[in-house]
Protein chains: 2
Amino acid sequence: MKKKITLKQIARELEVSISTVSKALKNSKEISRDTTEKIQAFAKLYHYKPNNIALSLKNRRTKNIGVIIPDIVHHFFTTVFRGIEKYADTRGYNVIACVSDESFEKEVINMEMLANGSIDGFIMALSAETQRKNDFHHLMEILDQGMPLVLFDRVTDEVICDKVVINDFESAYMATKKLIEDGRKRIALITTESYLNVSEKRAQGYCNALKDHGLELDKNLILRLPYQFEDEKKSEAFFASTNMDAVLCVNEIFAVRAMRIAQANGKKIPEDISFIGFTDGIISKLANPALTSIAQHGERMGNVAAKMLIEKIEQDDEIEQEEATYKTEVIEATLIERESTIN
Amino acid sequence: MKKKITLKQIARELEVSISTVSKALKNSKEISRDTTEKIQAFAKLYHYKPNNIALSLKNRRTKNIGVIIPDIVHHFFTTVFRGIEKYADTRGYNVIACVSDESFEKEVINMEMLANGSIDGFIMALSAETQRKNDFHHLMEILDQGMPLVLFDRVTDEVICDKVVINDFESAYMATKKLIEDGRKRIALITTESYLNVSEKRAQGYCNALKDHGLELDKNLILRLPYQFEDEKKSEAFFASTNMDAVLCVNEIFAVRAMRIAQANGKKIPEDISFIGFTDGIISKLANPALTSIAQHGERMGNVAAKMLIEKIEQDDEIEQEEATYKTEVIEATLIERESTIN
DNA sequence: GTTAACAACGAAAACGGTTTCGTGTTGATA
DNA sequence: TATCAACACGAAACCGTTTTCGTTGTTAAC
């Protein structure tokens, strides 16, 4: 078992100083050709690689970015994560992943852990509880310390920082409009109970589309389900008691569940009822019938978020003082038409 | 913008030495009550938290563990990841996640990046390419450096280290046996093309179960699909040309795809054909009909892997020299019966 | 009135690097 | 022969901690 070799050991072995070794390995021209070659050969032989921790301490830069997401067994979030990881990789950054589990407290704890030097910046989506409590002091604090932060998807206006979101309102509007243009008159909405900003925006888009096209908003056509827990009975009751010819769902899981219930009730999809869901994941593709859904392009989102973050991190050196400027990037969602709607 | 405060700054401000501050914050009884209180008050006021990087350097312990998985947008792997993260969290460890993307090279690069001090140990599942090439020198190297390693799911006998796997052979055997006992005679297997050890073991279990129950192995009943890329035509041809009354699939995606093709061919599930898949994810639950599948208990697996790793990490101090002993934990998979089989 | 013990604190080394700033040696130049 | 660059290298500071080992000043004991 050979522990990793250090500069000091190389120096001792070769009877030179630590500084000489360090310089030789960086091809400094201060060091003679002979010595440099000797040192480099020795280093290669022993697989010398500088210790990242030491470098981080010296450079005050870890080359790590922290990602905090509400859930990891979740198609959309992992998609974003992949985008982040891929981009980070190209820039030599590692990703430390934390899961808040939709809990405010875990979010705070995780942030505090990471903020003490472990990372150079954060990318995160707010937990449901955080959005409900409307408490963002932990975000303010890390911003105050000068640590870059990029919020994605689950964002809030109360924190001033870089953000990347999809056009939730517009895409829900477009989807609803499509249903209307398909001749649908009684369009239902299945959304979440808890206060998630994305769901709200989607609901807004839905409402506005109805209004703009002369359909009136029927509260009975809106079903609010708990975000995490399944409530099959509530959905069944909804379908049993309500008459509708189309359904817009704020995620694909709601949509597929709803389709099953509708089918069990003898409805034909899309002839009797059309379905559109958000999040174009594997579930949408494999559903029977395949679900028309709104692709959120999570990987792009992750890419953009990582890019924004790293740019901020690396400019921080140069500009330092100058007042930071923040932007919000909007990723355009696109409707992927499949079998659950008529076309 | 207040940058994080350091011991040195507190010391200067309070006109004491750095050592005094450090000790006071740890409630050392070397320091007087007065001084301690003063220092602690000041530290709290400025939200002092020790710098993790400095601690890591000093303790030669990062409290980070590296997780390398082939894919992140993948139900089973994220489930394991969640298990790892949850356990790590309880022990005060952070998780650095890298994705090998099924590529040997990326796996090597990622490992090298992390092995230079960033983490205290690895948890990983081998990439497909690594398994195909049978090249494990990178694993050997990090083991040789004394860094703990736990392999899960995609493991190999050629590397001696801790492992956690499911009983692939037995569970495939049991599933096949169940199909036989249900009266099925022509049981197909849909597995992967590339050489993944888990697929092979499952195939073995399938074959042995057939043999033990007096059914002969028909090569025409075995379909090998590319792991990542969809090959719908190949599957369709398979179903068109082959007569079968049951199908065992090595993952749920294969299974759901296959069900759709069978249904399109006018087959009734489970009356005409039964289906069983591996990986009991959301896809199995939402499929129509719901898919009977073999739960791999990924979260448990992650839990166990993390526990094994952290134990090894933390015992390393004490025992140091003593020859390490490695174990392989087996997580028992369980069959979840749903609508795609008769019961 | 010594001396020993103790309380309260500081100096310095160490973790593993990078980098600035000497310093001694050489060869060329005046 | 004295002077000066250039060359090749080392010493030391620094990043932010922890921890060992002094070093004081005070007090109790003899």
Side-chain angles (χ1 to χ4, degrees), chain A residues 2-40 42-43 46-64 113 115-120 145-146 317, chain B residues 2-40 42-43 46-64 113 115-120 145-146 317:
Chain A
K2 315 160 205 160
K3 284 263 174 223
K4 301 232 71 169
I5 197 170
T6 69
L7 282 191
K8 191 194 284 199
Q9 294 170 46
I10 299 184
R12 192 179 333 122
E13 211 66 32
L14 262 41
E15 298 183 303
V16 291
S17 78
I18 295 181
S19 356
T20 303
V21 179
S22 176
K23 289 170 188 165
L25 292 176
K26 305 188 108 60
N27 287 309
S28 157
K29 49 188 156 0
E30 267 186 75
I31 307 299
S32 71
R33 226 166 140 28
D34 273 10
T35 323
T36 299
E37 277 172 7
K38 189 176 60 178
I39 291 176
Q40 290 192 354
F42 190 91
Y46 284 90
H47 299 109
Y48 172 80
K49 287 276 171 52
N51 180 301
N52 282 333
I53 298 295
L55 284 183
S56 295
L57 185 56
K58 179 103 248 268
N59 304 333
R60 300 138 125 252
R61 180 123 305 166
T62 63
K63 284 266 187 179
N64 287 154
M113 280 215 59
N116 296 314
S118 299
I119 59 169
D120 298 337
Q145 287 165 22
D317 311 316
Chain B
K2 317 159 203 158
K3 283 264 174 222
K4 300 233 72 169
I5 196 170
T6 69
L7 284 190
K8 192 193 283 197
Q9 294 171 45
I10 300 185
R12 192 178 334 122
E13 213 66 32
L14 262 42
E15 299 183 304
V16 291
S17 78
I18 295 181
S19 356
T20 303
V21 179
S22 176
K23 290 169 188 164
L25 292 175
K26 305 189 107 61
N27 286 309
S28 158
K29 48 188 158 358
E30 266 186 76
I31 308 298
S32 73
R33 228 168 137 32
D34 273 11
T35 321
T36 300
E37 278 171 6
K38 188 177 61 179
I39 290 176
Q40 290 190 354
F42 190 90
Y46 284 90
H47 299 108
Y48 172 79
K49 287 277 169 51
N51 180 301
N52 283 332
I53 297 296
L55 285 181
S56 295
L57 186 56
K58 179 107 252 273
N59 304 332
R60 298 138 124 250
R61 183 124 303 167
T62 63
K63 284 267 189 177
N64 285 155
M113 279 215 59
N116 297 313
S118 300
I119 59 169
D120 298 337
Q145 288 165 22
D317 312 315

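So you know, we letter chains A, B, ... as the sequences are listed, proteins then strands, and number each from 1. Just so it is clear, the values below take in all heavy atoms, side chains as well, and ignore hydrogens, waters and symmetry mates.
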Do any side-chain nitrogens or oxygens of [X] fall under 4.0 Å of OP1 or OP2 in [N]?
X        : N       : answer
Lys8(A)  : dA14(C) : no
Tyr48(B) : dT17(D) : yes
Thr20(B) : dA8(C)  : no
Lys26(B) : dT18(D) : yes
Ser19(A) : dT19(C) : no
Ser22(B) : dT18(D) : yes
Arg33(B) : dA7(C)  : no
Arg61(B) : dC15(C) : no

To the side chain of [X], which of [options] is closest?
X        : options                   : answer
Asn51(B) : dG10(C), dT17(D), dC9(D)  : dT17(D)
Ile31(A) : dG16(C), dC9(D), dG16(D)  : dC9(D)
Lys58(B) : dA11(C), dG16(C), dG16(D) : dG16(D)

- Looking at Ile31(B), Ile39(B), Thr20(B), Thr36(B), which one forms a side chain to side chain contact (heavy atoms under 4.5 Å, CB included) with Leu25(B)? Ile39(B)
Whole angstrom is fine here: how far is it from [atom1] in [X] over to [atom2] in [N]?
X        : N       : atom1 : atom2 : result
Asn59(A) : dA13(D) : CG    : P     : 20 Å
Lys4(B)  : dG16(D) : NZ    : P     : 12 Å
Ile39(A) : dG10(D) : CD1   : C1'   : 12 Å
Gln9(B)  : dC15(D) : CD    : C1'   : 13 Å

- Message: With nearest nucleotide decided by heavy atoms, which residue, Thr36(A) or Ile5(B), maps closer to the 5′ end of DNA chain D?
- Response: Thr36(A)
- When you match Glu30(B) and Ile18(A) each to their closest nucleotide on DNA chain D, which lands nearer the 5' end?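 So the residue in question is Ile18(A).
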- First locate atom NZ of Lys23(B), then atom CG of Leu7(B), and finally report the distance between them rounded to the nearest 0.5 Å.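 It is 12.0 Å, given to the nearest 0.5 Å.
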- Query: How many angstroms lie between atom CG of Asn116(A) and atom CG of Leu55(B), to the nearest 0.5 angstrom?
  - Reply: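 Going from the CG atom of Asn116(A) to the CG atom of Leu55(B) covers 9.0 Å.
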- Query: If only atom types and distance count, is the side chain of Ser22(B) paired as donor or acceptor with the main-chain N or O of Ile18(B) below 3.5 Å?
  - Reply: no
- Message: Any base atoms under 4.0 Å from Ser56(A), or only sugar-phosphate, or nothing? Heavy atoms, all strands.
- Response: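 Ser56(A): no heavy atom of the nucleic acid under 4.0 Å.
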- Message: Heavy atoms only, 4.0 Å cut-off, all strands: where does Leu55(B) land among base, sugar-phosphate and nothing?
- Response: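 Sugar-phosphate: the residue Leu55(B), judged by heavy atoms under 4.0 Å, touches backbone atoms but no base.
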- Item | Side-chain heavy atoms of Ile5(B) within contact of His47(B), under 4.5 Å |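 The answer is no; the side chains never approach within 4.5 Å.
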